[in-house]
Amino acid sequence: MSAGFPEVRPRRLRGTKALRAMVAENALRPAELVLPVFLKEGISSPVEISSMPGVVQHTRDSLRKAAAEAAEAGVGGIIVFGVPSSKDSRGSGADDPDGVSQVALRDIRAEVGDDLVVMADLCLCEYTDHGHCGIVTPDGNVDNDPTLARYASTAVAQAAAGAHMVAPSGMMDGQVGAIRAALDDAGYSGVPICAYSAKYSSAFYGPFREAAEGAPKFGDRATHQQDPANVTEALREVRLDLDEGADMVMIKPALSYLDVIRQVRDAVDVPVAAYHVSGEFSMIEAAAANGWVDRDKAIMEALTSIRRAGASVILTYWATEVARWLR
Ligand code: PBG
């Protein structure tokens with residue numbers, strides 16, 4: 001040993017690509033990726049979403065095609081958002097058996113059968129004329145308990161349309177329990193619930209609100225979505241959802257909440273999902289379009305970081321593309 005030189009050299013294990021691959025601690029699997037999709041009622045060709053390059057509001061045909069491509073690429077799941085052509089104060093389209101989300105679920109199941117886990121986002125905000133996630137009182141509050149009944153019947157409509165799993169995203173207290181009871185009563189006790197347990201009141205949902213046309217017409221969602229300052233509260237939300245019967249829990253957004261993902265992963269024994277949301281997607285796309293970051297490397301780094309933080313299911317608008325890279 002020559003004085004002054006280290007014997008312990010971590011760099012020895014980084015010398016070749018094969019060495020680095022051998023010692024990699026985390027890797028993405030196509031089966032853990034979930035593709036979010038939007039079906040818009042009443043359009044004859046897909047509509048591009050200007051704030052989300054490469055993402056569209058689908059027609060029924062283009063949605064079936066996207067689902068088939070995702071399955072072909074080995075993607076694990078698909079999560080459906082409906083964009084209805086008419087809205088009202090109670091979000092009637094959400095639990096209408098012929099509502100746009102139910103149409104999408106039936107079409108996707110007809111196309112891919114059980115090859116993808118077909119998930120239904122469950123919320124009212126795309127269906128209400130005021131854009132809030134539930135029933136709103138005359139003084140503008142989102143009224144928790146009447147909203148639960150709407151979620152319960154929406155879950156049953158989604159299961160009847162073929163959803164393998166429902167994912168309530170409205171952040172109402174008691175939503176998981178209400179949905180579990182309704183599904184069980186209607187004969188869908190085998191349909192799992194992936195709870196958006198810790199969904200933060202985030203600026204990163206901006207582009208999604210163009211995609212899903214569900215921006216609130218007044219106020220915001222801060223009375224039900226979580227404060228970005230809090231992590232203990234996320235653990236409490238997760239515990240409540242598990243007590244109410246959640247089968248999986250989700251953290252959303254992802255990259256600004258990697259610490260939350262890690263703490264939840266360490267605290268529970270169910271699968272933990274994370275949603276890499278529209279704003280996180282668009283930031284990388286925008287930077288890449290300007291030549292400021294290497295797009296493909298940035299995508300892999302972002303998604304691998306979410307995996308490393310402890311999420312074993314990742315919702316991402318790049319699901320199909322990344323699944324192809326991984327093959
Ligand atoms: C609400 C919902 C939102 C997202 C998924 N479900 C937005 C919101 O709370 O306004 C955001 C997803 C994204 O930004 O990609 N149903």
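Fair warning: this is a prediction, and the values are worked out from it, not measured in the lab. FYI, the numbering just counts along the sequence from 1. For ligands, and for the atoms within them, numbers begin at 1 and follow the listed sequence.
- The existence of a salt bridge linking Lys65 and Glu69 is confirmed by a sub-4.0 Å separation between a basic side-chain nitrogen and an acidic carboxylate oxygen.
- Taking a cut-off of under 4.0 Å to the non-hydrogen atoms of Gln225, the atoms of ligand 1 that pass are 8 (C), 9 (O).
- Listed by number with element, the atoms of ligand 1 under 4.0 Å from a non-hydrogen atom of Glu126 are 16 (N).
- Scanning the protein heavy atoms around atom 6 (N) of ligand 1, the nearest turns out to be Lys252 NZ, 3.1 Å.
- Between Glu25 and Arg308 no salt bridge is recorded (no basic side-chain N to carboxylate O distance below 4.0 Å).
- In terms of protein heavy atoms, atom 12 (C) of ligand 1 is closest to Phe208 CD1, 3.2 Å.
- Heavy-atom contacts of Cys123 reach the following atoms of ligand 1: 16 (N) (cutoff under 4.0 Å).
- Centroid-to-centroid, the aromatic rings of His132 and Phe218 come within less than 6.0 Å.
- A side-chain donor from one of Asp121 and Tyr196 sits under 3.5 Å from a side-chain acceptor of the other.
- Remark: ligand 1 atoms within the under-4.0 Å shell around heavy atoms of Ser169 are 1 (C), 6 (N), 16 (N).
- Of all the atoms in ligand 1, the ones that sit under 4.0 Å from a non-hydrogen atom of Tyr317 are 12 (C), 13 (C), 15 (O).
- The ring of Phe208 has its center no closer than 6.0 angstrom to the ring center of Tyr275.
- Using a 4.0 Å cut-off between charged side-chain N and carboxylate O, Glu213 and Lys40 make a salt bridge.
- Considering only non-hydrogen protein atoms, atom 14 (O) of ligand 1 sits nearest to Ser278 OG, 2.7 Å.
- Classification of Glu280 and Lys252 as a salt-bridged pair fails, no side-chain N sitting under 4.0 Å from a carboxylate O.
- The atoms of ligand 1 that sit less than 4.0 Å from any heavy atom of Cys125 are 1 (C), 16 (N).
- For Phe281, no heavy-atom contact with ligand 1 is shorter than 4.0 Å.
- Nearest protein heavy-atom neighbour of atom 1 (C) of ligand 1: Lys199 NZ, 3.1 Å.
- With ligand atoms numbered from 1 in the order given, ligand 1 contributes 6 (N), 16 (N) to contacts under 4.0 Å with heavy atoms of Asp121.
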| Chi angles and distances behind the salt bridge (charged side-chain N to carboxylate O under 4.0 Å, His left out) call for Arg239, Glu244 | CA-CA 9 Å; Arg239 179 169 45 78; Glu244 290 174 30; over 6 Å; no

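- With respect to the salt-bridge test (charged N to carboxylate O, under 4.0 angstrom), the residues Arg109 and Asp115 do not qualify.
- Using modelled atom types, one finds no donor on one side chain facing an acceptor on the other under 3.5 Å when comparing Thr154 with Asp95.
- Put simply, no part of His276 is less than 4.0 Å from ligand 1, judged by heavy atoms.
- Polar contact with ligand 1: present for Arg221 (N/O pair, distance under 3.5 Å).
- For ligand 1, the atoms closer than 4.0 angstrom to any heavy atom of Tyr275 are 12 (C), 15 (O).
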